[in-house]
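What follows is one structure encoded as structure tokens, with my remarks underneath.
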Number of protein chains: 2
Amino acid sequence: MPAEPTPAETPGRGRRAARPSGDDRERAILGTAEQLLTQRPYADVSVDDLARGAGISRPTFYFYFPSKEAVLLALLDAVVAEARLRRDTALRHPAPDPERRWRQVIAAIQEPFRTHRAVTLAAAEARASSPAVREVWSAVMERFVTETAAEIDAERARGAAPPGLPSRELATALNWMNERVLHTTFAGHGPAVGEADVVDVLLGVWLRAIYGEPHPRGSTP
Amino acid sequence: MPAEPTPAETPGRGRRAARPSGDDRERAILGTAEQLLTQRPYADVSVDDLARGAGISRPTFYFYFPSKEAVLLALLDAVVAEARLRRDTALRHPAPDPERRWRQVIAAIQEPFRTHRAVTLAAAEARASSPAVREVWSAVMERFVTETAAEIDAERARGAAPPGLPSRELATALNWMNERVLHTTFAGHGPAVGEADVVDVLLGVWLRAIYGEPHPRGSTP
DNA sequence: CGACGGTGTCAACAGGGTGTCGAACGCCTA
DNA sequence: TAGGCGTTCGACACCCTGTTGACACCGTCG
């Protein structure tokens with residue numbers, strides 16, 4: 001149990017300090033993990049696989065990461081950070097009308113998760129057994145929901161959207177819908193929407209649920 | 001342990017034959033499992049826990065079930081069978097208007113999963129690692145989606161619902177939304193809708209998505 | 001009656017995974 | 001040349017799963 005002097009970022013997990021040769025190993029582990037996760041589920045990737053893939057022994061792996069979970073968390077943090085960034089950008093970027101605006105937002109979130117689908121699916125899998133992963137996921141969803149609810153309130157306030165379900169609950173339902181539909185599209189288990197159509201379908205439901213009609217009234221100034 | 005007379009079907013998994021004294025043990029294992037799952041996650045329940053809970057040794061457990069997974073599958077089959085039954089009943093039962101009809105259907109599905117939430121959550125957890133659980137879940141969702149799509153088509157055909165997204169894709173999105181929202185409500189992880197409101201919220205989105213308005217036109221004869 | 005086979009039971013084992021500990025190995029600095 | 005420190009890994013302790021082989025119980029059939 002190594003005492004934690006002061007990690008750079010991601011306080012609490014990860015290893016203690018960053019050192020040149022060590023960084024290569026860390027990257028090798030991360031790279032091996034993402035690569036292996038495209039081939040088999042998270043549960044079937046052992047610490048030994050990760051270590052071998054990075055050219056080190058299993059005990060040495062533990063010098064860099066406290067557990068397999070921490071590797072996934074590091075990978076997930078990066079994807080989540082990008083999704084947040086893209087979403088914020090889309091939210092700030094002006095759009096000619098609400099439909100395009102919402103499409104930008106939905107597509108912005110979908111993009112990083114699609115690109116790193118192995119990490120996304122592994123995270124969804126690990127959420128069951130890892131409180132830390134669950135925590136990250138919850139925080140992301142919480143943020144998306146809160147922001148979506150604020151957007152809905154704004155649309156209602158300016159008269160573009162009619163009143164309806166409480167915005168917070170509507171936003172919760174819509175965001176979880178996106179999460180699950182995207183997941184099935186990426187995973188291919190059970191009934192799924194094709195990858196080419198998924199944004200259109202989600203957008204379609206959002207518009208109807210928020211505006212009550214396929215095409216919202218009024219446009220953004 | 002609401003006693004489910006569902007043996008005989010599901011050939012292939014489970015143990016070979018049913019015998020009087022052995023049935024008690026089988027029920028004890030099933031009961032222990034459902035009870036333990038209300039206390040801790042599926043992954044933290046070992047075969048040994050199940051065996052001890054049923055008053056037998058671990059090897060003896062394997063006489064009754066081939067694995068921990070099979071126990072969950074047996075539990076899940078019962079819940080799923082009840083959900084299907086209730087849904088079919090709701091679908092056949094006439095309702096004064098579409099809103100009440102859809103509410104009946106959504107509530108019918110939600111009920112058994114809510115009552116057996118430990119099994120529901122365990123199944124969701126195990127879906128990641130167990131192809132068999134995933135299979136059962138996929139089949140259920142597939143059926144719900146297909147039937148929902150048919151209902152939407154019927155509503156459109158009789159002029160009650162306007163055209164919109166392809167019914168199959170709309171049905172896919174709505175059913176997965178229900179699955180995930182119900183899950184978060186039961187699990188309490190991340191943003192969730194309160195248990196008392198969840199059917200109303202889901203129904204609200206379904207109505208808007210299918211009919212384009214809070215209250216659908218026309219009523220069922 | 002008594003051996004016989006199916007049902008039911010478990011101690012012991014094999015196998016594979018995780019996380020830890022302590023010895024050792026460079027390599028830089030004094 | 002000696003230490004100190006970052007780094008590495010062999011060996012170990014532990015936990016869990018699933019299997020094996022011996023054995024006990026019991027109804028039943030020769």
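Quick note: numbers below take in every heavy atom, side chains included, and nothing from hydrogens, waters or symmetry partners. Chain identifiers are assigned alphabetically (A, B, ...) following the order of the sequence lines, protein sequences preceding nucleic acid strands; residue numbering begins at 1 within each chain.
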Taking only N/O atoms, report every protein-nucleotides 11-15 of chain C pair under 3.5 Å with atom names and distance.
none

A:Tyr64 side chain: which of D:dT7, D:dT17, C:dT18 is closest? D:dT7
Under the side-chain contact (heavy atoms from CB on, under 4.5 Å) test, which residues partner B:Pro41, sequence neighbours left out? B:Asp44, B:Glu125
Given 3.5 Å as the limit, does a donor-acceptor pair link the side chain of B:Thr60 with the main chain of B:Ile56, or not? no
Would you please confirm or rule out a distance under 4.0 Å between OP1 or OP2 of D:dT7 and any side-chain N or O of A:Thr60? no
Rounded to whole Å, CZ of A:Phe65 lies from C1' of C:dT18 at a distance of 17 Å
Quick check for you: among C:dG8, D:dT17, C:dG19, whose closest atom lies nearest to any side-chain atom of B:Tyr62? D:dT17
How many whole angstroms separate atom CG of A:Asp44 from atom C1' of C:dG17? 12 Å
Distance, rounded to the nearest Å, where A:Ile56 contributes CD1 and D:dG10 contributes P: 12 Å
Counting only N and O atoms by type, is there a donor-acceptor contact under 3.5 Å from the side chain of B:Arg86 to the main-chain atoms of B:Pro112? no
In whole angstroms, the gap separating C1' of D:dC16 from NZ of B:Lys68 amounts to 9 Å
Between CZ of A:Phe63 and C1' of D:dT7 the distance, given in whole Å, is 6 Å
Is it true that the side chains of A:Ser130 and A:Glu69 contain a donor and an acceptor less than 3.5 Å apart? yes
Cation-pi geometry met for A:Lys68 and A:Phe61 (6.0 Å, 45°): no
Using atom CZ of A:Phe61 as one end and atom P of C:dT20 as the other, report the distance to the nearest whole Å. 12 Å
How close or far is atom P of C:dG17 from atom OH of A:Tyr42, stated in whole angstroms? 15 Å
Find the distance B:Asp48:CG to D:dT17:P and express it as a whole number of Å. 8 Å
State whether a side-chain donor-acceptor pair under 3.5 Å links A:Thr38 with A:Glu34. no
Just jot down the side chain to side chain donor-acceptor pair (under 3.5 Å) partners of A:Trp102, sequence neighbours excluded, or say none. A:Tyr211
